[in-house]
Amino acid sequence: MADKKTFYITTAISYPNGTPHIGHAYELIATDAIARFKRLDGYEVFFLTGTDEHGQKMLQTAAREGMTARELADRNAAVFRRMGQALDASNDDFIRTTEPRHHAASQEIWRRMEANGDIYLDSYAGWYSVRDEAFFAENETTVGGDGVRRGPTGAPVEWLEEESYFFRLSAYQDRLLALYESQPTFIQPDERRNEIMSFVRSGLKDLSVSRTAFDWGIPVPGNPKHVMYVWVDALTNYVTATGYPDTTQPRAHFWPADVHIIGKDIVRFHTVYWPAFLMSAGYPLPRQVFGHGFLFNRGEKMSKSVGNVIDPFTLADHYGVDQLRYFFLREVPFGQDGNYSHEAIVARINADLANDLGNLAQRSLSMVAKNLEGRVPAPGALSEADATILAAADALPQKARAAMEGLALHTMLAEVWKVVADANRYFAGEEPWVKRKTDPERFGTVLYVTAEVIRAVAIVAQAVMPTSAGKFLDLLGVPADQRMLEHVGAAHRLAAGAMLPAPQPVFPRYVEAEKSEATA
RNA sequence: UGCGCGGUAGGGCAGUGGUAGCCCGCCUGGCUCAUAACCAGGAGGUCGUCGGUUCAAAUCCGACCUGCGCAACCA
């Protein structure tokens, strides 16, 4: 029945008590590129993103802004949605945890955990800091000379006790460790896996999973005095979107998810709590959780007080969406922390995009336009140089798949640009501007081979730069249904004699407008 | 404090036992088809410090210095 391989990928859902920042944009772009790559490779893809709208912080921010939590959520969720459009994200769904479908799914998963004996009512007690909105262990607090007990941030704490439901996380320690052992790529990259394993080995305590202090959340089934702890609610979004618990829904077959792409700060929630919840509820586990790194502005963490916070809309606007997408994914090894700066972005745009690829396409295609009446030349016998560069281009899908297997987006792009660099060397070495007069057949062959290389490069690059890569394919007259990875190679070569549109630059150089204009 | 990761050319990084590499930037030359782009060559490094193993160490071992991450309710 299932004839097409499926691939389900998610971002974390964003907390909309503020507007999106560059970290949200980075995660969305990376996830989108992976989703697009899988589609290019013939998979039936389901790509989900959305917003996590419950919790006390939403209430507090809303109160400060003089609105209800619902109004705040509506307003900011719309901004997150708009960011997706601005960044050319191809998500198939956008989930909001305040939607009825999500309440139903969360309550169902709760009931199943409860039925399995993993939920019990007790009371939660500890030193609570109102300012930090957090409980602290006794040994994290200190009593100062003034007799006031304070938490690690220096805020006063008070002893607080409230009724709470608990999840029997302690019962899952062994099963979680067994999971990490038997499925080494469940947590990636490895640094994160090590951290989580040592954390779990050190022992797990039961988890408080409900709150009574506020009501902006999903009511606990059978006890509406409680709302679910935000993480129980938030994590469940990934199954909600597949129609859970209704297995007849059109997207039910996507579960289990192939990979959750998340920031490294929330790896624990996704690799300890989430699989434990699912084990308890008797539902299959996601195959992988990948914690990406953070982006720093010139090595500094973004913060409002430093004044280096940059709005993703402004960035996309200023540099171009595809240019920004390329920069993030090429510059930063996926999984590690990275840096960005105006200079670094401009360097990538000009060197890789405008000079290396854009100019190669422009110089070769304008030769076709000016000397061959804009028709794809018929290649003659292939020289060794022709065959070598063609083979490199034809091998790109395999190289790209190998890199993407480990979600190494930066490596994938490096492989593609290695071929671009080879093509520039090839082109210079063949000197078509000389052959034009001395050897018309070689002239045509070189241009044909170059066009084929650009075709392969553009097909793969669509994952990262859908619009620009599409323009290259347009310039080469590649039909819309011939743009998958499988179309790279000998079986789908450009047809000799085909008329091509007039070449146009795809990647303009970034020219510094004014010093004051500098964005980063 | 415990555990983990990193410290290699001006900047960003690869390299895990056998003549130090890549990209950007810089200098020189070539070419002139092209988006002042492209190609070739060059300058530039005591591979964090000290000690050890080895015929041979950036690469293995130990100590130390230094930056960073994780150490339960924090989206």
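In the text below, chain A, chain B and the rest are named by the order of the sequence lines, each starting its count at 1.
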Worksheet item: Between A:W231 and A:F167, is the gap from one ring center to the other below 6.0 Å?
Response: no

Worksheet item: Taking for each residue the nucleotide of RNA chain B bearing the nearest heavy atom, is the 5' side occupied by A:F199 or by A:V434?
Response: A:V434

Fill in: P gap between B:rC26 and B:rG7, integer Å
27 Å

Worksheet item: Quick check, are the ring centers of A:F472 and A:F507 under 6.0 angstrom apart?
Response: yes

Worksheet entry | Sugar-phosphate only, base, or nothing, as touched by A:S14 at under 4.0 Å among non-hydrogen atoms | nothing

Discussion item. Please give the distance between the P atoms of B:rG48 and B:rG10 as a whole number of Å.
Written reply: 14 Å

Discussion item. Please classify the nucleic acid contact of A:I196 as base, sugar-phosphate, or nothing, using heavy-atom distances under 4.0 Å.
Written reply: nothing

Item to complete: Remember a base hit wins even if backbone is also touched, and classify A:H54 as base, sugar-phosphate or nothing at under 4.0 Å, heavy atoms.
Response: nothing

Item to complete: Establish, yes or no, whether a centroid distance under 6.0 Å links the rings of A:F290 and A:F334.
Response: yes

Worksheet item: A:S280 side chain to A:A276 main-chain N or O, any donor-acceptor pair under 3.5 Å?
Response: no

Practice prompt. Tell me yes or no: between the side chains of A:H226 and A:T212, is some donor less than 3.5 Å from an acceptor?
Written response: no

Fill in: Protein-nucleotide distance (A:I345, atom CD1; B:rG11, atom C1'), rounded to Å
16 Å

Worksheet item: To the nearest Å, how far apart are A:N350 CG and B:rU35 P?
Response: 15 Å

Discussion item. Heavy atoms from C-beta onward define the side chain here; which of B:rA34, B:rC33, B:rA37 lies closest to that of A:R436?
Written reply: B:rC33

Fill in: Phosphate contact (B:rC33 OP1 or OP2) by A:K435 side-chain N/O below 4.0 Å
no

Discussion item. Taking only the C1' atom of each, what is the distance from B:rC13 to B:rG25 in whole angstrom?
Written reply: 15 Å

Discussion item. Any donor-acceptor pair under 3.5 Å linking the side-chain atoms of A:T11 with those of A:T49?
Written reply: yes

Practice prompt. Among B:rC73, B:rU35, B:rC38, find the nucleotide with the atom closest to the side chain of A:P505.
Written response: B:rU35

Item to complete: Could you check A:S364 against A:N194 and say which one's nearest nucleotide on RNA chain B is further toward the 5' end?
Response: A:N194

Practice prompt. Would you indicate which nucleotide in B:rA72, B:rC73, B:rA14 comes nearest to any side-chain atom of A:R211?
Written response: B:rC73

Response to the item:
Under a 4.0 Å heavy-atom criterion, the protein footprint on nucleotides 21-28 of chain B, written with B, S and -, is --------

Fill in: Centroid separation A:H342 to A:Y510 less than 6.0 Å
yes

Item to complete: Flag the pair A:F443 / A:Y448 as yes when their ring centroid distance falls below 6.0 Å, and as no otherwise.
Response: no

Discussion item. Work out how far the C1' atom of B:rG6 is from that of B:rG12, and round it to whole angstrom.
Written reply: 14 Å

Discussion item. Nearest to the A:K264 side chain among B:rG69, B:rC33, B:rA75, which nucleotide is it?
Written reply: B:rG69

Item to complete: Could you tell me the separation between the CD atom of A:E331 and the P atom of B:rG12, rounded to a whole number of Å?
Response: 11 Å

Discussion item. Are A:H270 and A:F186, when compared by the centres of their aromatic rings, separated by less than 6.0 Å?
Written reply: no

Worksheet item: Looking only at atom C1', what distance separates B:rC65 and B:rC50, rounded to whole Å?
Response: 10 Å

Discussion item. Between A:H292 and A:Q336, do the side chains contain a donor N or O and an acceptor N or O under 3.5 Å apart?
Written reply: no

Worksheet item: Do the side-chain N and O atoms of A:E162 and A:S164 include a donor-acceptor pair separated by under 3.5 angstrom?
Response: no

Practice prompt. Have a look at A:A12 and say if it touches a base, only the backbone sugar-phosphate, or nothing, with a 4.0 Å heavy-atom cut-off.
Written response: nothing

Worksheet item: For B:rC33, does OP1 or OP2 lie under 4.0 Å from any side-chain N or O of A:K370?
Response: no

Worksheet item: Between atom CD in A:Q336 and atom C1' in B:rG12, what is the gap in whole Å?
Response: 12 Å

Worksheet, complete the sentence: A:E430 CD to B:rC38 C1', in whole Å, measures 14 Å

Fill in: For atom CG of A:N424 and atom C1' of B:rA40, their distance in whole Å
14 Å

Discussion item. Given B:rG69, B:rC38, B:rU35, identify the nucleotide with an atom nearest to the side chain of A:A428.
Written reply: B:rC38

Discussion item. Please classify the nucleic acid contact of A:N237 as base, sugar-phosphate, or nothing, using heavy-atom distances under 4.0 Å.
Written reply: nothing

Item to complete: Side chain of A:W231 only, please: which of B:rU35, B:rA72, B:rA75 is the nearest?
Response: B:rA75

Worksheet item: Could you give the CD1-to-C1' distance, from A:I349 to B:rA37, as a whole number of Å?
Response: 16 Å

Fill in: Pairing stems for RNA chain B [at least three consecutive pairs; Watson-Crick or G-U; under 3.5 angstrom]
B:1-7 with B:65-71, B:10-13 with B:21-24, B:26-30 with B:38-42, B:48-52 with B:60-64

Worksheet item: B:rC23 and B:rG15: how far apart are their P atoms, nearest whole angstrom?
Response: 16 Å

Discussion item. It should be established whether A:R509 places a side-chain nitrogen or oxygen under 4.0 Å from OP1 or OP2 of nucleotide B:rA37.
Written reply: yes

Worksheet item: Are A:H54 and A:H102 close enough that their ring centres sit under 6.0 Å apart?
Response: no

Discussion item. Any donor-acceptor pair, under 3.5 Å, between the side chain of A:N355 and the base of B:rA37, if you only look at N and O atoms?
Written reply: no

Item to complete: Write down the distance separating the C1' atoms in B:rC38 and B:rC31, rounded off to the nearest Å.
Response: 8 Å

Worksheet item: With rounding to whole Å, what would you report as the distance between B:rC39 and B:rU53 at their P atoms?
Response: 49 Å

Worksheet item: Between B:rA34, B:rC73, B:rA75, which one does the side chain of A:R363 approach most closely?
Response: B:rA34

Worksheet item: Tell me: NZ of A:K437 to C1' of B:rC31, nearest whole Å?
Response: 12 Å

Response to the item:
Regarding the side chain of A:N359, the nearest nucleotide among B:rG4, B:rA37, B:rC38 is B:rA37

Item to complete: Describe the nucleic acid contact of A:V506 in one word from base, sugar-phosphate, nothing, applying a heavy-atom distance below 4.0 Å.
Response: base

Practice prompt. Report yes if the distance between the aromatic ring centroids of A:Y319 and A:F327 is under 6.0 Å, otherwise no.
Written response: no

Discussion item. Over all strands shown, is A:G203 touching base, sugar-phosphate only, or nothing at heavy-atom distances under 4.0 angstrom?
Written reply: base

Item to complete: Identify which nucleotide among B:rC31, B:rA75, B:rC73 has an atom closest to any side-chain atom of A:W433, counting heavy atoms from C-beta outward.
Response: B:rC31

